[in-house]
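Below, read A as the first sequence line, B as the second, and so on, with proteins coming before strands; counting in each chain starts at 1.
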Amino acid sequence: MTERRPATEIVSRQTQQGRRRLALLAVALGCLLLLSFFLGRYPGPWWTPPSALVEDPLAQRLMLHLRLPRLLAAVLVGMVLAASGTCFQMIFRNPLVDSGFLGVSAGASFGASLGIVALGGAPVTIQLSAAIFGILGLLSSYLLSVRIRYGDWVLRLVLAGIAVSALYSSGTSLLKYAADPLRQLPEITFWMMGGLWNITWPHVLQILPVVLPALVVILLLRWRLNLLSLRDETAFSLGVSAGRERLVLLLAAVLATAAVVSKTGLIGWVGLIVPHIARRWVGSDAQRALPAAMLLGAFFTLLCDDIARTALSGELPLGILTSLLGAGIFMLLMLRDPSGMRR
Amino acid sequence: MSARQTRHRWPAAAAQSRASAASAASAASAASAPSAAAGPSAAAPARAASAASAASAPSAAAVAAVDLRNVGFSYPHAERPALEGVTALIPTGGVTAILGPNGSGKSTLLHLLLGLLQAQQGSVLVEGRPQGSYSRRELSQRVGLVPQNETLVFELSVLEYTLLGRAPYLDLLALPHEEDRAVAWEALESVGIAGLAYRPVTSLSGGEKQLATVARALAQAPAVLLLDEPTSHLDLANARRVLQVMAGLRAQGRTILWTTHDPNAASAIASDILLMRQGRVIAQGPLAEVLTGERLTETYGVPVRVIDNGGRPLVLVHE
Ligand SMILES: Nc1ncnc2c1ncn2[C@@H]1O[C@H](COP(=O)(O)OP(=O)(O)OP(=O)(O)O)[C@@H](O)[C@H]1O
Ligand SMILES: [Mg+2]
């Protein structure tokens with residue numbers, strides 16, 4: 001007769017540490033959010049004093065109608081990119097992919113460029129065109145992949161994604177070549193570097209109906225991601241309907257990414273690097289790694305955006321900062337502990 | 001009696017009664033509740049009752065865990081079928097070893113039993129019911145797999161990996177409960193690797209990883225456990241450990257079906273042998289009857305001698 005271990009002991013170290021760190025991340029994000037609200041270049045170069053919120057009508061308008069939606073957008077963007085990146089990495093069993101690689105990013109870039117060069121360049125047009133071509137990019141990757149006659153589904157999708165992305169990139173290059181170098185070209189370049197400078201409440205409200213359900217679906221199915229990261233054989237033996245579950249998760253991830261990217265342009269490295277850091281911090285089990293990635297993604301994007309809007313008197317492109325910091329952190333991590341970045 | 005003993009015993013007792021129930025709908029719904037792991041003793045009477053009500057219930061012993069009838073299967077674009085006219089009875093509660101040359105269809109057969117591949121001819125009965133009549137979830141509660149080489153890309157800990165074995169009992173949106181953790185922990189203890197619970201699976205040695213895979217399959221509590229060459233990469237000591245674990249499972253009443261290239265490993269723990277060659281069954285039956293020099297020579301095409309080694313056959317290849 002063996003005694004059963006008390007549940008508390010089984011929950012133990014890993015889980016408890018993971019939970020503590022998740023809570024810590026949530027608190028840190030909350031603090032940064034609060035701090036960011038008072039961070040800015042009005043009236044002084046760094047700081048808007050809380051008293052301005054009641055005394056200075058201009059500061060009030062600025063904070064409530066420009067800064068607040070921008071902060072929320074940064075949080076949403078970070079959450080979406082990190083959550084989608086985690087999904088893609090686990091479903092494709094490949095830590096080097098993110099939600100843009102199936103033609104979504106390249107398609108959206110092409111769409112935005114097309115909007116700028118050929119469709120008049122109104123912001124709404126650019127966003128719509130980016131969203132439509134982002135989804136088209138995904139669709140063409142998918143349709144191509146089911147027609148490739150060799151390899152397993154991962155290889156087929158990766159190949160199709162590479163081919164479709166290359167196709168759209170060449171289209172974008174062509175548009176850049178044809179663009180008015182004084183007016184349109186800088187705008188294309190700026191869009192591709194990504195940023196939140198033009199985000200207002202309507203933008204946030206427009207992406208919310210896509211982004212929120214997608215995030216909820218991904219969060220609810222997060223433990224299943226572990227199962228989907230197993231070999232097909234094993235996942236099948238555990239009763240997983242891999243095809244259906246993958247489809248639901250990938251659709252949620254891609255739609256949310258397309259919605260976000262259409263408003264913000266390309267914001268690199270969040271979807272790639274944040275899931276890595278999250279896994280190292282709370283472990284690879286997606287039950288914790290996914291929420292951790294979302295919180296960390298939000299924190300990272302918000303921090304980068306704070307720098308983007310306050311460091312210089314002009315706006316720094318957010319995508320440059322996320323890439324710069326992301327790649328820097330990535331290298332540091334690799335140098336510090338090679339075993340942690342296995343494969 | 002501890003919950004642990006109850007749980008480990010139910011596959012044997014319940015499997016037989018369940019098998020003879022022609023329609024096990026009530027059993028299935030009971031088993032699919034997440035609490036099934038916690039309350040097997042509550043679920044078992046329901047099954048027994050439905051078994052008793054079945055009109056022409058054959059005697060429990062007569063129902064094989066797996067019954068293959070004239071099964072044929074070809075991979076797309078293949079020149080010859082991978083399986084042809086395979087008829088075999090896998091006895092409940094036995095340890096059946098499948099032996100045969102490379103490419104003889106052993107893995108294909110296991111994948112067929114798992115439901116990963118569908119038989120193109122013939123029929124597959126699991127616990128007396130056509131395999132197709134089970135839902136995916138029901139089947140995964142009955143048949144588990146230890147694949148030949150499990151590769152993990154992400155660094156799940158051994159405990160987290162073992163917990164994945166509870167998936168057949170969890171709803172789509174559910175997270176593992178404390179009960180599931182307890183079951184996973186027991187599985188780790190029963191294969192003797194509880195000490196590795198917090199190590200990443202990716203950092204384990206081949207033998208330890210194999211044991212973790214077995215633990216994951218045990219947490220699934222399947223009545224029928226399929227193992228594809230579970231000892232192929234292991235050293236003598238680790239191979240012996242895996243074989244001992246399998247023998248222990250047999251003592252718990254689970255049905256085991258495993259493939260191996262080592263006739264002496266089969267000889268050590270198997271009760272039954274299935275010999276295959278080129279997608280066909282050459283012989284099937286109790287160990288002593290099938291593991292003979294003549295049969296093995298026919299199977300592998302090399303001269304094989306079998307001598308008696310204290311009641312167990314010892315297989316030698318001679319020049
Ligand atoms: N995916 C596949 N597509 C086409 N043919 C396959 C496939 N998998 C296996 N086969 C063929 O089916 C036959 C049986 O293969 P199977 O893997 O079942 O053999 P095995 O007995 O498990 O061999 P081994 O001992 O080498 O593992 C072989 O001829 C093999 O070439
Ligand atoms: Mg094989």
Side-chain angles (χ1 to χ4, degrees), chain A residues 1-15 17-18 86 89-90 92-96 149 216-217 219-227 229-242 244-245 248 275-276 279-280 283-289 339-343, chain B residues 1-5 110-111 114-116 135-141 143-157 159-161 163-170 172-179 181-182 184-186 189 194 197-198 200 202-203 213 216-217 220 222 226 228:
Chain A
M1 177 132 177
T2 338
E3 244 177 77
R4 173 173 279 196
R5 299 219 168 199
T8 44
E9 192 180 332
I10 300 169
V11 170
S12 92
R13 303 208 300 262
Q14 246 183 345
T15 320
Q17 189 191 44
T86 306
Q89 293 178 359
M90 294 198 81
F92 284 93
R93 295 166 52 79
N94 183 345
L96 293 177
R149 301 223 51 102
V216 168
V217 165
L219 259 178
L220 284 177
L221 286 169
R222 65 189 189 277
W223 188 71
R224 313 287 297 182
L225 279 172
N226 294 323
L227 293 163
S229 80
L230 299 171
R231 288 172 32 155
D232 282 1
E233 220 178 347
T234 314
F236 187 94
S237 78
L238 292 169
V240 178
S241 305
R244 245 181 297 164
E245 290 180 32
V248 170
H276 277 285
R279 277 195 292 269
R280 296 211 13 171
S284 291
D285 187 337
Q287 188 182 337
R288 292 184 312 270
S339 71
M341 301 300 289
R342 199 185 308 263
R343 270 181 286 178
Chain B
M1 186 163 73
S2 78
R4 172 195 181 122
Q5 284 164 327
L110 293 190
H111 289 165
L114 198 62
L116 189 60
S135 73
R136 285 292 312 286
R137 169 184 281 253
E138 288 170 340
L139 197 61
S140 66
Q141 289 166 355
V143 184
L145 172 75
V146 173
Q148 185 169 350
N149 45 37
E150 180 76 306
T151 47
L152 284 187
V153 178
F154 298 98
E155 298 180 329
L156 291 179
S157 74
L159 181 58
E160 288 161 349
Y161 174 70
L163 260 180
L164 298 184
R166 300 304 297 164
Y169 303 95
L170 290 171
L172 200 61
L173 302 183
L175 300 172
H177 308 258
E178 293 311 322
E179 272 306 329
R181 278 175 206 286
W185 194 268
E186 282 166 23
E189 278 178 340
Y198 302 109
T202 42
S203 75
T213 314
R216 195 262 300 137
Q220 196 177 347
L226 313 174
D228 202 353

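Side-chain atoms of A:R279 and A:Q89 form a donor-acceptor pair, as typed in the model, at a separation below 3.5 Å. Between the side chains of B:E150 and A:T234, at least one donor-acceptor pair of N or O atoms lies under 3.5 Å.
From A:S229, atom OG reaches atom CZ of A:F92 across 13.5 Å, with rounding to the nearest 0.5 Å. Annotation: the span from A:N94 atom CG to A:M90 atom CE amounts to 12.5 Å, rounded to 0.5 Å.
Using a 4.5 Å cut-off between heavy atoms, A:R224 contacts chain B through its side chain alone, with no backbone atom that close. Contacts between A:R244 and chain B at a heavy-atom distance below 4.5 Å are absent for every atom of the residue.
Of the residues considered (B:V146, B:T213, B:L156), B:L156 shows the highest number of contacts with chain A, using heavy-atom pairs under 4.5 Å. Note: B:R136 leads B:R136, B:Q220, B:R216 in heavy-atom pairs under 4.5 Å with chain A. If you tally non-hydrogen atom pairs under 4.5 Å between each of B:P176, B:A197, B:A217, B:P200 and chain A, the highest count goes to B:P176. Your options are B:L172, B:L139, B:V143, and the one with the most heavy-atom pairs under 4.5 Å with chain A is B:L172. Contact count against chain B (heavy-atom pairs under 4.5 Å) is highest for A:D285 among A:D285, A:L227, A:V240.
Shown here are the side-chain hydrogen bond (donor to acceptor under 3.5 Å, both in side chains) partners of B:S157, two or more places apart in sequence or in another chain: A:Q14, B:E160.
In this structure, the side chain of A:Q287 does not engage the main chain of A:W223 through any donor-acceptor pair within 3.5 Å.
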